[in-house]
2 protein chains.
Amino acid sequence: MIVSERVIQRLVLYRKILQNLLTDGVTKIYSHALGDFVDSTPAQVRRDIMNIGYKGTPVHGYDISLLISSISDFVDPTQTRNVCIIGLGNLGKAILDYCHARNSKINIIDAFDKDPSKTNIEINGCKSYHINELETKIEDDRIELAILSVPISEAQAIAERLIRAGIKGILNYSPIELRLPEYIYVENRDMMLALEKVAYFAK
Amino acid sequence: MIVSERVIQRLVLYRKILQNLLTDGVTKIYSHALGDFVDSTPAQVRRDIMNIGYKGTPVHGYDISLLISSISDFVDPTQTRNVCIIGLGNLGKAILDYCHARNSKINIIDAFDKDPSKTNIEINGCKSYHINELETKIEDDRIELAILSVPISEAQAIAERLIRAGIKGILNYSPIELRLPEYIYVENRDMMLALEKVAYFAK
DNA sequence: ATTTCCATGTGAATTCATTAACAAAGTTAA
DNA sequence: TTAACTTTGTTAATGAATTCACATGGAAAT
């Protein structure tokens, strides 16, 4: 089953919510309750879940634990995927704080920075290296994805190095549109654009 | 003209690109060239621009400077909107680094943290205060929007305080779904979800 | 001057996403 | 047992977003 970007975004969001509920001891949920969490409709939730093949039961709704497993089977890679992060400034450190270990299939294992004072340290299980070691570490550690949190001036050049080194996807926090081959998946997260959107819609 | 979230997102993205081009001395652009920057189609670009009422000329395309003005007239608030940021950890500082002064109508002027060592400092023109002063500063400085970059455990409570203090919109970087009245506009930016999406689509 | 390019603006067509609606089925209560 | 609820899964209907396609018109070349 092929699903769109939007469905994937909602599925991973559902999973996050379901994981929190499970931690709180909740074991079952109805489509309308899950919909409420994400400001969506029961029909939308049911359709999304239909996509991944999981089936709930009438009256009892969905078993949270089983639903989490089904979502994970669908959205997670079969093998773990290794991720690196480039740039250990405030943003890089923040991402390591937040991304730490919520998904066992996605591991941020290496960090790179050009500042020697930021190398050879370990943050949340992620070790940092000098940017000179980028290519060799990516190959040795079988890294496939990268998070880019470097200043604008360096983003394009680093992105190109990443791709030459074999990276398949980039989560880009640098506020610049990278010009890369189309077979590379890039997700841009410009914080100022997000704020401009909020400013427009907050009445 | 009422436009959707997606159109607004594209418009602010176009503006960013156009501003960079203008800085580089480029003065005109065609819909297909702008489309290439954002991996979109000429038709999409033309339709988006149609929404805001600006008209280009055949053969010469769009005047970048005029188009920027038209987008700004459309998406920017009429008066400046003041923004505060809650949480001056790595993420808060990162946001202040990145968001600094790209849009003159949106000013991040106050920051708050519960850690006294992070108060009474100034970063990029944004002054920091103790979280105790949240309500009074929001009122005195006429702050309407907030960026939330606090740990999960504090996010919901802080968000409720913000709303009681009169905040209209929240850009939420805490990886939790806030439960707030529906008249509050909330934009969630969960970094781990973004990475999960990249992991799914990067082939 | 005439022809040939191109690019825009926009109505129409198409594709994609969401919602409605209802049969099926488990549960509860009488 | 039977009737009344409630919720799912799914098809059909609706609605939204995108793309097509072409009339229009300015510029350059012959």
Side-chain angles (χ1 to χ4, degrees), chain A residues 1-14 17-18 21 26-71 73-75 182 197 200-201, chain B residues 1-14 17-18 21 26-71 73-75 182 197 200-201:
Chain A
M1 169 73 73
I2 290 173
V3 302
S4 66
E5 290 202 15
R6 314 189 91 186
V7 173
I8 291 296
Q9 285 190 143
R10 284 195 300 265
L11 286 171
V12 297
L13 177 54
Y14 297 155
I17 290 163
L18 294 168
L21 288 169
V26 185
T27 60
K28 295 182 186 306
I29 195 167
Y30 298 130
S31 60
H32 60 84
L34 188 47
D36 286 347
F37 275 103
V38 298
D39 293 326
S40 185
T41 63
Q44 178 78 85
V45 171
R46 292 207 299 277
R47 186 157 273 287
D48 288 336
I49 290 173
M50 197 183 115
N51 282 319
I52 64 173
Y54 177 73
K55 303 219 174 196
T57 55
V59 185
H60 290 130
Y62 302 103
D63 180 285
I64 289 179
S65 171
L66 294 175
L67 181 50
I68 290 172
S69 297
S70 288
I71 295 174
D73 288 347
F74 191 87
V75 304
E182 65 179 15
K197 182 181 172 194
Y200 181 86
F201 284 107
Chain B
M1 169 72 75
I2 290 173
V3 303
S4 67
E5 290 202 14
R6 315 191 92 188
V7 173
I8 291 296
Q9 284 190 145
R10 284 195 299 266
L11 286 172
V12 297
L13 176 55
Y14 296 156
I17 290 163
L18 294 168
L21 287 170
V26 185
T27 60
K28 295 179 184 309
I29 194 167
Y30 298 129
S31 62
H32 61 82
L34 188 47
D36 285 346
F37 275 104
V38 298
D39 292 325
S40 184
T41 62
Q44 177 78 84
V45 171
R46 292 205 300 276
R47 200 163 271 293
D48 288 336
I49 291 173
M50 198 182 116
N51 282 319
I52 64 174
Y54 177 74
K55 303 219 174 197
T57 55
V59 184
H60 291 130
Y62 302 104
D63 180 286
I64 290 180
S65 171
L66 294 175
L67 181 50
I68 290 171
S69 297
S70 289
I71 294 174
D73 288 347
F74 191 88
V75 304
E182 64 180 17
K197 183 180 171 194
Y200 182 85
F201 284 106

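- When each of A/T57 and A/S40 is assigned the nucleotide of DNA chain C bearing its nearest heavy atom, the one mapping closer to the 5' terminus is A/S40.
- Between D/dT7 and A/H32, a contact under 4.0 Å exists linking OP1 or OP2 to a side-chain N or O.
- Closest to the B/Y30 side chain, of the nucleotides D/dT7, C/dA7, D/dT18, is C/dA7.
- Side-chain atoms of B/L67 and B/D63, non-hydrogen and from C-beta on, never get closer than 4.5 Å to each other.
- When the nearest nucleotides of DNA chain C are assigned to B/A43 and B/V59 by heavy-atom distance, the more 5′-ward of the two goes with B/V59.
- Of the possible polar contacts, one joining the B/S69 side chain to the B/S65 backbone as a donor-acceptor pair under 3.5 Å is found.
- B/Y62 places none of its side-chain heavy atoms less than 4.5 Å from the side chain of B/L18.
- Considering only the side chain of B/P58, C/dA7 comes nearest among D/dT7, C/dA7, C/dT18.
- Here B/R6 lies in heavy-atom contact (under 4.0 Å) with sugar-phosphate atoms only.
- For the pair A/H60 and C/dT27, the criterion of a side-chain N or O lying under 4.0 Å from OP1 or OP2 is met.
- Within the 4.0 Å cut-off from OP1 or OP2 of C/dT10, at least one side-chain nitrogen or oxygen of B/K55 is found.
- Considering only the side chain of A/R46, D/dT8 comes nearest among C/dA7, D/dT8, C/dT19.
- A parallel orientation is assigned to the rings of B/Y200 and A/F74, their planes being inclined by less than 30° (bins at 30° and 60°).
- Contact annotation: B/Y62 reaches the phosphate of C/dG9 (side-chain N/O to OP1 or OP2, under 4.0 Å).
- For B/S4 and D/dA17, the shortest distance from a side-chain N or O to OP1 or OP2 is below 4.0 Å.
- When each of A/G61 and A/R47 is assigned the nucleotide of DNA chain D bearing its nearest heavy atom, the one mapping closer to the 5' terminus is A/G61.
- For A/T41, a side-chain nitrogen or oxygen approaches OP1 or OP2 of C/dT19 to under 4.0 Å.
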